Amino acid sequence: MKIRTYREEDIKEISELFYNTVHTVNAADYTGEQLDAWADGHVDLEAWNRSFLEHISLVAVTEETDQRIVGFGDIDYSGYLDRLYVHKDFLRQGIASMLCDRLETEADTQRFVTHASVTARPFFEKRGYEVIREQQVERKGITLINYVMEKEL
């Protein structure tokens, strides 16, 4: 596994990974209706690309010649960890931890905040993040629960 900086040509593969991960990994914690509201398969690629370019954005790729993207994450310079997703077939291999380690190091701040899904909450708790509050977020008229979590160094 190799971690590298995000490139604009990654956006389509990342959007597909996002959709597939949400609809499989998060299926135990959210209803089908909630999953569809969260990830409907129609990411605004331009907006996401712009966001990735403005943030510290990393991708995890396989070492093979095709360098398949198996994870990605981004954090802004204030320490807000926006997205962190790992391909459903590559879970529990330390990819999310590797991405998070690099993102937190490169952000160069003492405080990190994320809005973690029900599924991701235990991962972030193991990394020292604490739940600040549970919140209900509305997406396309559907309510989803997530957690504002914070970590201070």
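Only a predicted model underlies this, so the values are computations on that prediction, with no experimental measurement involved. Residue numbers start at 1 and run along the sequence shown.
For Lys88, there are no salt bridge (Lys or Arg N to Asp or Glu O under 4.0 Å) partners two or more places apart in sequence or in a different chain.
The aromatic rings of Tyr30 and Trp38 lie perpendicular to each other, with more than 60° between the two planes, well past the 30° mark.
A donor-acceptor contact shorter than 3.5 Å links the side chain of Glu13 to the backbone of Ile69. Counting only distance, with no hydrogens or angles, the side chain of Ser97 and the backbone of Gly94 share no donor-acceptor pair below 3.5 Å. Side-chain atoms of Asp36 do not come within 3.5 Å of backbone N or O of Ala39 as any donor-acceptor pair. The backbone N or O of Arg127 sits less than 3.5 Å from a side-chain atom of Lys151, completing a donor-acceptor pair. Under a 3.5 Å cut-off, the side chain of Thr109 and the backbone N or O of Gly79 do not form any donor-acceptor pair. His55 places no side-chain N or O within donor-acceptor distance of the main-chain N or O of Ser57, the cut-off being under 3.5 Å.
Counting heavy atoms from C-beta outward, Thr114 and Tyr147 have side chains that stay 4.5 Å or more apart.
Counting only residues at least two apart or on different chains, the side chain to side chain donor-acceptor pair (under 3.5 Å) pairs with a member in residues 39-48 are Asp40-Lys140.
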Donor-acceptor list for residues 130-137 side chains, cut-off 3.5 Å, not counting sequence neighbours:
unit_1, atom_1, unit_2, atom_2, d
Gln135, NE2, His115, ND1, 3.3
Gln135, NE2, Asn146, OD1, 2.9

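Nearest heavy-atom pair, Asp74 versus Leu103, reported as atom, atom and distance to 0.1 Å: N-CD1, 3.8 Å. Smallest separation of non-hydrogen atoms from Ile95 and Gly71: CG2-CA, 4.4 Å. Residue Asn26 comes nearest to Ser117 through the heavy atom pair ND2-OG, 3.5 Å, listed as atom of the first residue, atom of the second, then distance.
Taking a cutoff of 4.0 Å between a charged side-chain nitrogen and a carboxylate oxygen, Arg68 and Glu64 do not qualify as a salt bridge. At a threshold of 4.0 Å, the pair Arg4-Asp10 counts as salt-bridged, since one of the basic side-chain nitrogens sits closer than that to a carboxylate oxygen.
In this structure, Arg7 is not positioned above the aromatic face of Phe52 in the sense of NZ or CZ being under 6.0 Å from the six-membered ring centre and within 45° of the axis.
Taking a 6.0 Å sphere around CD of Glu33, one finds it holds 12 or fewer heavy atoms contributed by other residues, nucleotides or ligands.
In this structure, the separation between CG on Asp89 and CG on Leu91 is 8.0 Å, given to the nearest 0.5 Å. Atom OG1 in Thr105 sits 9.5 Å away from atom CD1 in Ile75 (nearest 0.5 Å). In this structure, CG in Asp82 is found 10.5 Å from CG in Leu84, a value given to the nearest 0.5 Å. With values rounded to the nearest 0.5 angstrom, Thr119 atom OG1 is found 3.5 Å from Asp29 atom CG.
If you check the side chains of Arg83 and Ser51, you find a donor sitting under 3.5 Å from an acceptor.
Taking the ring centroids of Tyr6 and Phe72, they lie at or beyond the 6.0 Å cut-off.
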